[in-house]
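The structure appears below as structure tokens.
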Amino acid sequence: MFFVYALFGWIIEFSFYGITNGLFVNRGFLHLPLLPIYGFGAVAVTIMFRKNQNNVFIKSAILVSILEYLTSVILENVYGFRWWDYTNNPWNINGRICLLNSLMFGLGGYVIAKFISPYIDLKLHKLNRKVVLIAATIIVVVVSGDFIYTLFNVHTGYGITDMEIKNTIDNSNEENGK
């Protein structure tokens with residue numbers, strides 16, 4: 001499930017950023033098309049609400065916002081820059097999280113806990129265990145290799161860690177008369 005959600009999160013980020021900024025780019029920490037923060041958040045929500053689905057929206061919003069804040073702090077302390085910055089968004093905390101995203105995390109957590117995770121869990125249990133184990137092992141090895149590579153070759157650049165990409169594109173378009 002972790003890898004399914006990490007890939008799904010990457011697709012969401014890739015698409016949203018591309019549509020809103022006119023630049024389709026892998027904005028993740030890893031070089032592969034995976035965003036582990038989505039995988040961790042979705043799996044945490046799935047585990048937390050597997051048996052007790054009270055207040056899923058609020059608890060998901062809080063849980064995943066804490067995860068996003070801590071991830072931002074860790075990445076910035078380790079690498080010296082941010083992969084996201086919500087400073088210009090209303091109701092933000094140190095530019096690391098903002099109310100709008102927290103509400104979206106609450107909604108996402110609700111949908112994941114109530115609908116998506118039970119469906120994925122059902123489908124995964126119908127698959128051949130040996131095939132799932134082999135596929136999971138291959139994915140873990142590949143992602144671990146990418147993680148180790150990323151530790152020494154940080155994935156950075158326009159639209160990834162450069163918060164000025166939209167301004168750069170806008171200014172370039174103005175200069176070129178677009």
Side-chain angles (χ1 to χ4, degrees), residues 1-30 32-121 150 154-171 173:
M1 263 195 211
F2 173 84
F3 295 111
V4 169
Y5 286 121
L7 175 61
F8 185 66
W10 183 89
I11 291 168
I12 290 170
E13 291 276 334
F14 178 83
S15 301
F16 180 78
Y17 192 83
I19 291 166
T20 58
N21 292 288
L23 180 66
F24 290 92
V25 63
N26 175 2
R27 295 186 12 88
F29 167 74
L30 297 173
L32 289 172
L34 297 170
L35 290 176
I37 191 169
Y38 279 83
F40 285 117
V43 168
V45 165
T46 299
I47 291 168
M48 179 181 269
F49 299 113
R50 181 165 275 147
K51 293 185 181 181
N52 180 356
Q53 294 198 349
N54 294 329
N55 303 312
V56 174
F57 179 86
I58 297 294
K59 290 176 182 176
S60 292
I62 293 168
L63 173 71
V64 179
S65 294
I66 290 169
L67 174 65
E68 183 177 44
Y69 191 94
L70 294 175
T71 301
S72 174
V73 169
I74 291 167
L75 288 173
E76 186 173 356
N77 284 327
V78 170
Y79 293 106
F81 43 76
R82 293 183 181 193
W83 270 258
W84 62 88
D85 187 352
Y86 304 125
T87 301
N88 295 325
N89 294 38
W91 298 87
N92 75 79
I93 300 175
N94 301 324
R96 298 181 189 285
I97 59 173
C98 67
L99 181 60
L100 176 61
N101 282 34
S102 294
L103 294 173
M104 296 304 290
F105 296 147
L107 178 61
Y110 180 84
V111 171
I112 286 167
K114 296 278 190 178
F115 306 106
I116 299 174
S117 282
Y119 177 78
I120 292 174
D121 199 36
T150 299
V154 182
H155 190 224
T156 62
Y158 284 125
I160 305 165
T161 54
D162 183 353
M163 298 302 131
E164 297 298 317
I165 184 62
K166 179 136 176 52
N167 294 334
T168 303
I169 291 171
D170 291 345
N171 292 338
N173 287 340

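- Ring pair Y79/W83 is perpendicular by interplanar angle, where above 60° counts as perpendicular and below 30° as parallel.
- Looking only at side-chain heavy atoms (C-beta outward), N92 and R96 stay at 4.5 Å or farther from each other.
- A distance of 12.0 Å separates CG of N26 from OH of Y17, quoted to the nearest 0.5 Å.
- Residues I37 and W84 meet the side-chain proximity criterion, which asks for heavy atoms closer than 4.5 Å.
- Atom CZ of R82 is separated from atom CG of N94 by 7.0 Å, given to the nearest 0.5 angstrom.
- Proximity of a side-chain donor or acceptor of Q53 to a complementary backbone N or O of F49 within less than 3.5 Å is detected.
- Not one N or O on the side chain of D121 forms a donor-acceptor pair closer than 3.5 Å with the backbone of S117.
- Once rounded to the nearest 0.5 Å, the distance linking OG of S102 with CG of L107 reads 12.5 Å.
- Nearest heavy-atom pair across V56 and A113 is CG1-CB, 3.9 Å.
- Dense packing is recorded around CD1 of I11, with more than 12 heavy atoms of other residues, nucleotides or ligands lying under 6.0 Å away.
- In terms of heavy atoms, V45 sits closest to G109 at CG1-O, 3.5 Å.
- Looking only at side-chain heavy atoms (C-beta outward), F14 and V25 stay at 4.5 Å or farther from each other.
- In this structure, the side chains of I116 and Y5 come closer than 4.5 Å at one or more pairs of heavy atoms.
- A distance of 5.5 Å separates CG of L35 from CD of E13, quoted to the nearest 0.5 Å.
- A donor-acceptor pair is defined here as one N or O able to donate and one able to accept, closer than 3.5 Å; no such pair exists between the side chain of N21 and the backbone of L23.
- Listed here is the closest heavy atom pair of I12 and Y38: CG2-OH, 4.4 Å.
- Within the model, atoms CG of L70 and CD1 of I66 stand 7.0 Å from one another, a figure rounded to the nearest 0.5 Å.
- The 12-atom threshold is not exceeded at OH of Y110, counting heavy atoms of other residues, nucleotides or ligands nearer than 6.0 Å.
- Looking at heavy atoms from C-beta onward, F40 lies out of side-chain contact with T71 at the 4.5 angstrom threshold.
- The environment of CZ in F16 is sparse: at most 12 heavy-atom neighbours from other residues, nucleotides or ligands sit within 6.0 Å.
- Between V154 and F81, the shortest heavy-atom contact is CG1-CZ, 3.8 Å.
- Taking OG of S65 as the start and CD1 of I93 as the end, the distance is 8.0 Å to the nearest 0.5 Å.
- When all heavy atoms are compared, the tightest approach of C98 to N89 is SG-ND2, 3.6 Å.
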